[in-house]
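Note that the structure is a prediction, hence the values are computed from the model and not measured. Every chain is numbered from 1, with letters handed out A, B, ... down the list of sequences.
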Amino acid sequence: MKYWLFKSEPDDFSIDDLATSANQTSFWFGIRNYQARNFIRDELQPGDQILFYHSSCAVPAVVGTAVIKSTAQVDNTAFDPQSPYFDAKSDLHKPRWFGVDIGFLSKFAQPVSLRFIKQDPQLQQMYLVAKGNRLSIQPVADDEWQRIVALGAKQQPA
DNA sequence: GCCAACGTTGGC
DNA sequence: GCCAACGTTGGC
């Protein structure tokens, strides 16, 4: 079982949107980056767990956890000219883009902000901290997972 | 809104 | 296959 970090813009799809989805499950689609695609297609396994990260917002942060519930499925939005994720060059008979089903696991009592992660000595190896990293799906090490989840479970200071 | 850091495209 | 130009991401 592996750990991952998924980025999402909360205006687009937040941890609350996942929590209130039917069966608290949603298809994760719209990934149009080959490195992320390769993770989806070749490495993500049902049961793998996810740090759910909010990007491009006031407080970029890990806000909860989720779990992978399917193997890679073709992302049909690539074939829909109406979709913002339409890819004119993708071939129906040789799909280029994939997604997976993910299920809600938890919402943190306290989001773990990028600002905090950047200054935590235990988290300096995270992909997220690697300068300029923009990957929307990233592997997370076991100890990084444990640390983030422990931080997220902490109560807000009084 | 700015801009650094990447990723992708396409001419050669 | 190189690399310049262009596009995108995402923090600030």
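The two atoms that bring A:Phe108 and A:Val149 nearest to each other are CZ-CA, 4.1 Å, heavy atoms only.
Atom CG of A:Asn133 is separated from atom P of B:dA5 by 13 Å (rounded to the nearest Å). The nearest whole Å value for the distance from the CD1 atom in A:Ile31 to the P atom in C:dT9 is 10 Å. At whole-Å resolution of the value, NZ in A:Lys118 and C1' in C:dG11 are 6 Å apart. When rounded to the nearest whole Å, the span between CG of A:Asp87 and P of C:dT8 equals 12 Å. Atom C1' of nucleotide C:dG10 and atom CZ of A:Phe6 are separated by 19 Å, given to the nearest angstrom. Between the P atom of C:dT9 and the CG atom of A:Asp12 lies a distance of 11 Å, rounded to the nearest Å. A straight line from CZ of A:Phe116 to P of C:dC12 spans 15 Å, rounded to a whole angstrom. Between the CD atom of A:Gln35 and the C1' atom of C:dT8 there is a distance of 15 Å, given to the nearest Å.
The aromatic rings of A:Phe52 and A:His54 sit perpendicular, their planes meeting at an angle over 60°, well past the 30° parallel limit.
Within the 4.0 Å cut-off from OP1 or OP2 of C:dG11, not a single side-chain nitrogen or oxygen of A:Lys7 is found. Look at A:Tyr53 and you'll find a side-chain N or O under 4.0 angstrom from OP1 or OP2 of C:dG11.
In this structure, A:Arg96 pairs ionically with A:Asp87, as a charged nitrogen and a carboxylate oxygen lie closer than 4.0 Å.
Each of B:dC6, B:dT8, C:dC12 was ranked by its minimum atom distance to the side chain of A:Tyr34; first place goes to B:dT8.
Remark: side-chain polar atoms of A:Ser70 are paired, donor with acceptor, to backbone N or O of A:Asp101 under 3.5 angstrom.
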